[in-house]
Amino acid sequence: ELKVEQNPLFLSMQEGKNYTIYCNYSTTSDRLYWYRQDPGKSLESLFVLLSNGAVKQEGRLMASLDTKARLSTLHITAAVHDLSATYFCAVGGGTSYGKLTFGQGTILTVHP
Amino acid sequence: GAVVSQHPSRVICKSGTSVKIECRSLDFQATTMFWYRQFPKQSLMLMATSNEGSKATYEQGVEKDKFLINHASLTLSTLTVTSAHPEDSSFYICSARHQGTQYFGPGTRLLVL
């Protein structure tokens, strides 16, 4: 059974600081996703990582994937208040085409 | 990008009634759609895989007779919560995969009184 674990589950940051969210998964998979969810809203796609060593960046967020370690990271650079949200990683693909298993989510709060 | 819509966005019903939620892919065809449920402050849990023209595949622990799924066309899947009870109150989100990316609908918030 595929398990996906994120840490930390709660992250309180000051504006301007850097931090990393970690996502570990238990079995091999061909793709890893990062999503953002604002309160009461659905999911917004941030990144899709397809191969070992993949790195993608968008604004203050950068995601990477190490398939050998079964680990993905979401790095936040110089956080701003607008980044406050819940971030989920999800793993899918392979024989389970399209099915995603989600991590628990990381609630990020950025303080002035 | 591709768009997935859901209707209604929120619904309140009495215990014992049935509620239908629609999920549509607006600008692409989806032979497979997925239904997730999210309880407050929790993650998303896959309920079932909806397959166009065939029976849905349910995850372990999900009652197929309670959560009826119909995927009658390449752009529409419906989830019917039958004989709803307060414990079915949740946020239901559908998704469809298009060109390697999963697109999620805006979600339907169900409250059963």
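Below, read A as the first sequence line, B as the second, and so on, with proteins coming before strands; counting in each chain starts at 1. Since the model is a prediction, treat every value here as computed from it, not as a measurement.
- In this structure, chain A has no heavy atom under 4.5 Å from any part of B:Tyr103.
- No side-chain N or O of A:Gln104 forms a donor-acceptor pair with one of B:Gln42 less than 3.5 Å apart.
- For the pair B:Phe104 and A:Glu44, the minimum side-chain heavy-atom distance is 4.5 Å or more.
- A continuous path of hydrophobic side-chain contacts links B:Leu79 to B:Val11 [ILVMFWY only; heavy atoms under 4.5 Å].
- Here B:Thr101 contributes atom OG1 and A:Tyr33 contributes atom OH; the two are 6.0 Å apart, rounded to the nearest 0.5 Å.
- Not one N or O on the side chain of B:Ser43 forms a donor-acceptor pair closer than 3.5 Å with the backbone of A:Gly105.
- Distance OG/B:Ser95 to CG/A:Leu100: 6.0 Å, rounded to 0.5 Å.
- Contacts of A:Gln6 with chain B are absent, with no heavy-atom separation under 4.5 Å from either backbone or side chain.
- In terms of modelled atom types and a separation under 3.5 Å, the side chain of A:Ser42 and the main chain of B:Gly105 share a donor-acceptor contact.
- B:Met33 and B:Phe91 fall into different hydrophobic clusters, where Ile, Leu, Val, Met, Phe, Trp and Tyr residues are linked whenever their side-chain heavy atoms come under 4.5 Å apart, directly or through other members.
- Linking Ile, Leu, Val, Met, Phe, Trp and Tyr residues whenever their side-chain heavy atoms come within less than 4.5 Å places A:Leu46 and A:Leu65 in a single cluster.
- Looking at B:Ile93, only its side chain comes within 4.5 Å of chain A, counting heavy atoms on both sides.
- Note on B:Gln38, B:Arg109, B:Lys41, B:Met45: by heavy-atom pairs under 4.5 Å with chain A, the leading option is B:Gln38.
- Crowding of A:Lys3 atom NZ: a count of heavy atoms from other residues, nucleotides or ligands under 6.0 Å not exceeding 12.
- Residues A:Ile21 and A:Leu61 share a hydrophobic cluster, clusters being chains of Ile/Leu/Val/Met/Phe/Trp/Tyr side chains in contact below 4.5 Å.
- Residues A:Leu43 and A:Ile107 are members of separate hydrophobic clusters, defined by side-chain heavy-atom contacts under 4.5 angstrom among Ile, Leu, Val, Met, Phe, Trp and Tyr.
- Of all non-hydrogen atoms in A:Lys99 and B:Tyr36, the two that sit nearest each other are C-OH, 4.2 Å.
- Atom CZ of A:Phe10 sits in a sparse spot, with 12 or fewer heavy atoms from other residues, nucleotides or ligands closer than 6.0 Å.
- The number of heavy-atom neighbours closer than 6.0 Å to NE2 of A:His111, taken from other residues, nucleotides and ligands shown, is above 12.
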